[in-house]
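Chain identifiers are assigned alphabetically (A, B, ...) following the order of the sequence lines, protein sequences preceding nucleic acid strands; residue numbering begins at 1 within each chain.
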Protein chains: 2
Amino acid sequence: MREDTRTRIQEIALRLFIEQGYEATSLREIAEELGVTKAALYYHFKTKDDIVTSLVDLRVAEMEELLAWAKSRPKTPEMRRELLERYAERLKQPRYLGVTRFLERNQTALRDHPKLRKMRETMLALTREMSEPGDPPAERLSRSLALFTLHAAKRLMDGDLTEDEAGEAAMEVATRLLEP
Amino acid sequence: MREDTRTRIQEIALRLFIEQGYEATSLREIAEELGVTKAALYYHFKTKDDIVTSLVDLRVAEMEELLAWAKSRPKTPEMRRELLERYAERLKQPRYLGVTRFLERNQTALRDHPKLRKMRETMLALTREMSEPGDPPAERLSRSLALFTLHAAKRLMDGDLTEDEAGEAAMEVATRLLEP
DNA sequence: GTCTATAGCCAGATAGAC
DNA sequence: GTCTATCTGGCTATAGAC
């Protein structure tokens with residue numbers, strides 16, 4: 001028994017949005033890969049925008065959960081270390097990683113999308129939970145960069161490392177960025 | 001005596017490409033801001049793509065110069081430190097910084113553009129000059145990240161710091177990423 | 001749930017007058 | 001150098017048959 005059409009649309013759309021960008025990907029392309037016509041997509045999603053919303057929803061929920069957890073904890077080195085691990089854990093889920101990459105690569109194109117705005121705010125709030133307002137700027141930047149490193153690693157080491165090697169190296173560098 | 005039209009087109013286009021993205025910016029918008037019609041733009045640039053090429057040319061040249069310099073030097077800690085400074089120096093020129101941001105935010109949309117391909121290759125080659133192939137992955141990633149930090153700082157510390165503070169913090173973190 | 005057909009819009013680009 | 005006018009074509013989205 002195979003997946004339903006709605007899910008397959010999401011998968012194809014996500015892949016194309018990552019490869020080509022949101023604006024450069026037309027509904028015709030998505031429909032063609034799925035083997036249906038454009039019109040069929042409109043049965044499953046009201047607009048192109050709705051596809052984005054459906055893709056992002058999962059990640060927004062998880063990020064808010066992560067933020068709530070961070071807020072419930074004191075700002076200690078242990079908490080930061082654990083936050084890093086929880087974040088890395090989520091990045092291991094392929095679907096979640098895909099959405100992350102999609103968001104990374106289409107920030108400008110989707111800057112007015114409400115869900116994306118919310119996402120950016122949540123991410124910013126999360127980095128803020130890693131420092132006190134009075135901490136030195138370099139320290140705060142370093143800690144923010146730690147989170148960021150986890151998903152920038154693959155792009156930076158383009159081709160030189162396997163996915164696993166890159167992930168391991170990223171965790172090592174990120175951990176070091178948390179140290180004083 | 002004011003700037004010529006060609007330069008003004010470049011300035012307006014660059015700003016809009018950064019703010020809204022390449023695809024989301026139409027020639028009509030650029031022309032309207034300039035106070036002319038679309039057709040006038042075609043006297044100065046053969047295509048929309050040509051505007052991009054003209055914007056990127058300056059940076060490609062500087063990056064290749066930087067790469068040539070790096071290749072002429074031994075891979076020592078001092079060389080890496082100096083490379084960082086030279087890179088930071090270029091990022092201080094407003095025009096150059098603008099192009100950098102434009103490229104950062106439109107990588108996906110312009111992935112097939114030959115000049116952009118070249119740019120990415122040069123950037124990758126530059127990070128490779130910072131390590132020996134045999135160095136541990138985490139060390140290589142850390143050094144690549146050092147360069148990257150210099151222009152990611154502003155985005156990560158969104159609103160919390162002034163441009164100067166962010167630049168200073170970025171240099172501090174980047175320097176530390178070079179240390180063993 | 002998927003089709004055909006098409007409306008409506010706006011993009012990039014060109015021709016030729018001034 | 002800049003204009004008006006226009007072409008061509010792809011896009012999102014909808015209507016209505018099956």
Salt bridge (Lys or Arg N to Asp or Glu O under 4.0 Å) between A/Arg86 and A/Glu82, worked out: CA-CA 6 Å; A/Arg86 284 173 180 243; A/Glu82 194 176 338; 3.2 Å; yes
Any donor-acceptor pair under 3.5 Å from [X] side chain to [Y] backbone:
X	Y	value
A/Asp4	A/Thr7	yes
B/Arg143	B/Leu177	no
A/Arg140	B/Met157	no

Nt span of DNA chain C in reach of chain A heavy atoms at under 4.0 Å, 5' end first, is C/dG1 to C/dT4
Residues in ring-ring contact (aromatic ring centres under 6.0 Å, His included) with A/Phe17, at least two apart?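 Partners of A/Phe17 by the ring-ring contact (aromatic ring centres under 6.0 Å, His included) criterion, ordered by chain and then number, come out as A/Tyr22, A/Phe102.
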For B/His44, check ring-ring contact (aromatic ring centres under 6.0 Å, His included) against everything at least two apart and list the hits.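 Checked B/His44 against ring-ring contact (aromatic ring centres under 6.0 Å, His included); zero matches.
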State whether A/Arg28 places a side-chain N or O below 4.0 Å from either non-bridging phosphate oxygen (OP1 or OP2) of D/dG10. no
In whole angstrom, what separates B/Glu23's CD from D/dG10's P? 15 Å
Nucleic acid contacts of residues 31-48 of chain B, taken as heavy-atom distances under 4.0 Å to DNA chain C: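 DNA chain C contact set from residues 31-48 of chain B: B/Lys38, B/Ala39, B/Tyr42, B/Thr47, B/Lys48.
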Does B/Leu124 sit in a hydrophobic cluster with other residues, and if so which ones, taking ILVMFWY side chains as linked at heavy-atom separations under 4.5 Å, directly or through other members? none
Quiz: residues 61-71 of chain A side-chain donor-acceptor pairs under 3.5 angstrom, not counting sequence neighbours:
| from | atom 1 | to | atom 2 | distance (Å) |
| --- | --- | --- | --- | --- |
| A/Glu62 | OE1 | A/Arg90 | NE | 2.8 |
| A/Glu65 | OE2 | A/Arg90 | NH2 | 3.1 |

